Structure formats: C-alpha cells, structure tokens
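These notes concern the structure reproduced below.
One-based numbering, in listed order, for ligands and for the atoms of each. Just so we're clear, the structure is a prediction, and the values are computed from it rather than from any experiment. Counting begins at 1 with the first residue of the sequence.
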Amino acid sequence: MVGSQLRVVVLVSGSGTNLQALLDATADPAYPATVVAVGADREGIEGLTRAERAGVPTFVLRVKDFQTRSAWDAALTASVAGFDPDLVVSAGFMKLVGEDFLAAYAGRLLNTHPALSPSFPGMHGPADALAYGVKVTGCTLFVVDAGVDTGPIVAQSVVPVLDDDTAETLHERIKTEERRMLVEAVGRMAREGFTVDGRVVRFGG
Ligand code: GAR
C-alpha cells in the first residue's frame with residue numbers, strides 16, 4: 001500500500017470523534033489515507049452526520065433487522081467489501097464482528113480501545129480503570145482477533161488518572177489522545193506498511 005492512498009472504511013456507533021480526526025487528517029492531500037465509507041449499526045448518530053458532512057458514503061446495518069447475528073455479519077462483510085478497503089477501522093463501533101467479517105479482513109481490521117490493553121477490556125474501559133485505582137491508563141489501537149480487545153497491539157498511549165476524575169472526564173482525556181494515536185498510526189501504516197507476526201505488529205514492509 002506504500003505510495004498510494006490507503007482506502008479506509010470506518011465503523012461507528014456514536015459520536016464519531018475518532019472518525020472526525022481521520023476525516024480532518026485526510027483533508028490534507030499529504031495524508032496517505034482516505035476514508036471511502038462509514039458504516040454504522042444504528043441510525044441517527046453524530047458519526048453518520050460527520051461522514052455526510054464530509055461527503056463520505058454511509059451505510060447502516062442494524063442487528064435487529066436480520067434474523068440471525070451471522071446474517072447481519074454477512075451483510076456487514078458484503079457492504080464493507082463493496083468499498084474495497086485496504087483497512088477497516090472500528091472507531092467506537094459497539095458490536096463484535098463475527099466469523100465472516102474476521103475472515104474477510106483478518107490482519108487489516110483495527111479497533112481503538114480506551115484502556116491500556118491487556119487491562120480493562122470491554123465496554124467500560126475508563127470506568128473500570130478508575131474503579132481499579134490505576135494511576136495511569138490510556139488507549140490502545142489493535143488488530144482485531146476473535147477475542148474481546150485481545151488482538152495484536154499497533155499503538156498505545158498513556159494518560160494519567162487524576163484524583164478528581166470521573167469516568168466521563170477520564171474518557172474525554174483518553175479520547176483526545178486516542179484521536180492523535182489513531183491518525184498517526186493509520187498514517188504510518190499507509191506510508192510504511194506493517195506486518196503482524198504472532199502478537200507483534202511492526203511498521204515497515
Ligand atoms: C472511543 O473512546 C473508543 O475507544 C470507544 O468508544 C469511544 C468512541 O468515541 N470504544 C470502546 O469502548 C469499544 N470497546 P467516538 O465515537 O467519539 O470516536
């Protein structure tokens with residue numbers, strides 16, 4: 001992928017500030033990636049509005065509109081495939097993808113998580129870190145595997161926990177760092193290529 005624009009599909013479920021960071025980065029022609037589509041598992045979210053504002057095609061696939069979870073997964077796989085992405089970024093997409101999707105995008109499906117893996121996997125990373133009393137937490141960008149937030153780590157960034165933090169204030173500071181990490185890592189992946197060797201991800205061809 002080195003030397004051409006990396007085609008990225010972003011999956012969202014909520015406010016989409018990580019998506020916005022990528023959209024803002026791709027507005028610079030020197031940034032080596034482009035967001036070719038944004039997919040969501042629900043209607044009416046800010047993430048979709050952000051994509052529409054940027055003129056990026058969107059699609060929505062709600063699990064409840066399918067008879068089975070695997071039918072939803074197959075439809076998601078087909079929709080994403082229609083945009084021929086090099087990389088898929090799950091940025092606040094609050095669904096675990098299934099076997100079809102993982103098989104189609106093995107090694108090139110990334111997820112951002114608001115904790116320092118392997119600590120605090122799941123849906124409540126900042127609240128879980130706060131409750132545990134850790135003094136530093138942060139964010140992790142990883143290559144998705146079949147587990148929950150367990151895949152090989154692409155990048156991590158540390159955020160201190162403050163005495164007066166709530167889960168919300170901590171998450172907001174993590175997200176500021178997360179957006180920077182995501183834009184930098186996707187840029188490097190596009191410019192330099194990357195390899196996944198067991199658990200270890202390295203930039204470079
Ligand atoms: C991000 O902090 C992301 O890591 C988190 O949701 C937030 C989405 O923010 N994802 C998870 O917790 C998934 N386990 P955004 O919609 O503003 O980009």
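The existence of a salt bridge linking D41 and K95 is confirmed by a sub-4.0 Å separation between a basic side-chain nitrogen and an acidic carboxylate oxygen. Between D24 and R179, none of the side-chain N atoms (NZ, or NE/NH1/NH2) sits under 4.0 Å from a carboxylate O, so this pair counts as no salt bridge. Ion pair E46/R53 flagged as a salt bridge, since at least one NZ, NE, NH1 or NH2 atom sits closer than 4.0 Å to an Asp/Glu carboxylate oxygen. A salt bridge links R180 and E184; the closest N-O separation between the charged side-chain nitrogens and carboxylate oxygens is under 4.0 Å.
For the residue pair D149 / S117, no side-chain donor-acceptor distance below 3.5 Å is found, with atom types taken as modelled. Side-chain atoms of Q5 and T34 form no donor-acceptor pair, as typed in the model, at a separation below 3.5 Å.
Of the protein's heavy atoms, E178 OE2, 3.2 Å lies nearest to atom 3 (C) of ligand 1. Protein heavy atom nearest atom 10 (N) of ligand 1, with residue, atom name and distance: M94 CE, 3.7 Å. Of the protein's non-hydrogen atoms, K175 NZ, 3.2 Å is the one closest to atom 9 (O) of ligand 1. Nearest to atom 12 (O) of ligand 1 among the protein's heavy atoms is P114 CD, 3.4 Å. Protein heavy atom at the shortest distance from atom 7 (C) of ligand 1 is H171 NE2, 3.9 Å. Looking from atom 8 (C) of ligand 1 to the surrounding protein, the closest heavy atom is G92 CA, 3.6 Å.
Contact analysis leaves V12 out of contact with ligand 1, as no non-hydrogen atom separation drops below 4.0 angstrom.
Contact atoms of ligand 1 toward H113: 4 (O), 14 (N) (distance under 4.0 Å to a heavy atom of the residue).
Under the 30°/60° scheme for interplanar angles, the aromatic rings of H113 and F142 are found to stand perpendicular.
Where the criterion is an N or O separation shorter than 3.5 Å, residue side chain and backbone included, G122 meets it with respect to ligand 1. Considering both main-chain and side-chain atoms, N18 comes within under 3.5 Å of ligand 1 through a nitrogen or oxygen pair. Remark: ligand 1 and G16 share an N or O pair separated by less than 3.5 Å (distance only, no angle test).
Residue T112 holds its OG1 atom at 11.5 Å from CD1 of I174, rounded to the nearest 0.5 Å.
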